[in-house]
Amino acid sequence: MRFDVLTLFDDIIKNYCSYSIIKRAIQKGIIEVNTVNFRDFTHDKHKKVDDTPYGGTSGMVLMAPPIFEAYESIEKTDDFEFIMLTPQGEKFNHKMSVELSKKKQLILLCGRYEGFDERIRLGLKPKEISIGDFILTGGELGALCIIDSVSRQIEGVLNKKESSLNDSFSDELSGMLEHPQYTKPREYRGMKVPEVLLNGNHLEIENFKKEQRLIRTKIRCPDLLG
């Protein structure tokens, strides 16, 4: 799968992708992450990508021409999705991550300043995605969240397929939160690992995990239970 990120700050993307699971997936050739700096598609000596908005409101707005030209420079596969990171977009979740992982290519547009010239939305018709009801300085963190989350769904990225199947919100957990996890030592500062996890009875262990998932989801995210 290929990710192409339209950004003013290439290093934010490249630095994150040089670590851990994403780095290994790139080295294995399972995914590819490219950056396109839309400042390179300006035509004035100051490399200007933003300007004051018509109507007199505060802040600066990203101009349409550099972003149109940067987007058009990207070689597209026969199955891609163009995504604009914006707080006005559809809320990103696990289900969307799984659906996007079926694509061959994601093109991710990262905003800055006060937002985008509306003609970018009208002319390029991206899928608008938000990672939450809060404001960030730029879209790079949102793009990295999508790259990381979507990559986990691609076969071969994780060492064990079961790792993603047992994540919170996955279909294997019926969309619920993951159960509590424990590792060594058995006791720490008076807190003990539940005995049921130590008795070797797989049926009892599985029932315990299901019960804990239900309890945790009911307390923390009751909306997931319908």
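Side-chain contact, Glu211 with His179: no donor N or O sits under 3.5 Å from an acceptor N or O. For Glu204 and Asn199, the side-chain atoms include at least one donor-acceptor pair closer than 3.5 Å.
For the pair Leu177 and Arg220, the minimum side-chain heavy-atom distance is below 4.5 Å. No side-chain heavy atom of Ile21 sits under 4.5 Å from any side-chain heavy atom of Ser151. Using a 4.5 Å heavy-atom threshold, the side chains of Ser130 and Phe92 count as separate. For the pair Leu62/Phe38, a side-chain contact is recorded, criterion being any heavy-atom separation below 4.5 Å from C-beta on. Residues Ile129 and Met84 fail the side-chain proximity criterion, which asks for heavy atoms closer than 4.5 Å.
In summary, of the residues considered (Val5, Leu108, Leu85, Thr7), a side-chain contact (heavy atoms from CB on, under 4.5 Å) with Glu140 occurs for Thr7 alone.
Counting only distance, with no hydrogens or angles, the side chain of Lys76 and the backbone of Ile74 share a donor-acceptor pair below 3.5 Å. Proximity of a side-chain donor or acceptor of Gln105 to a complementary backbone N or O of Glu75 within less than 3.5 Å is detected.
With salt bridges taken as basic N to acidic carboxylate O contacts below 4.0 Å, one links Asp78 and Lys104. Note on Glu178 versus Arg216: no salt bridge recorded, every NZ/NE/NH1/NH2 to OD/OE distance being 4.0 Å or above.
For Lys218, there are no salt bridge (charged side-chain N to carboxylate O under 4.0 Å, His left out) partners at least two apart in sequence or on another chain.
Remark: Met176 CE to Leu224 CG distance equals 9.5 Å, nearest 0.5 Å.
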Item to check | Stepwise side-chain contact (heavy atoms from CB on, under 4.5 Å) test for Leu100 and Met96 | outcome: CA-CA 6 Å; Leu100 290 175; Met96 191 186 299; 4.1 Å; yes
Name the atoms and distances for all side-chain donor-acceptor pairs under 3.5 Å in residues 30-37, with sequence neighbours left out.
residue, atom, partner, partner atom, Å
Glu32, OE2, Asn34, ND2, 3.1
Asn34, ND2, Asp4, OD1, 3.1
Thr35, OG1, Asp10, OD2, 3.1
Asn37, OD1, Arg39, N, 2.9
Asn37, ND2, Leu8, O, 3.3
Asn37, ND2, Asp10, OD1, 2.8

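A cation-pi arrangement is absent between Lys14 and Phe9, since the terminal nitrogen or guanidinium carbon is not both under 6.0 Å from the aromatic centre and inside a 45° cone about the axis.
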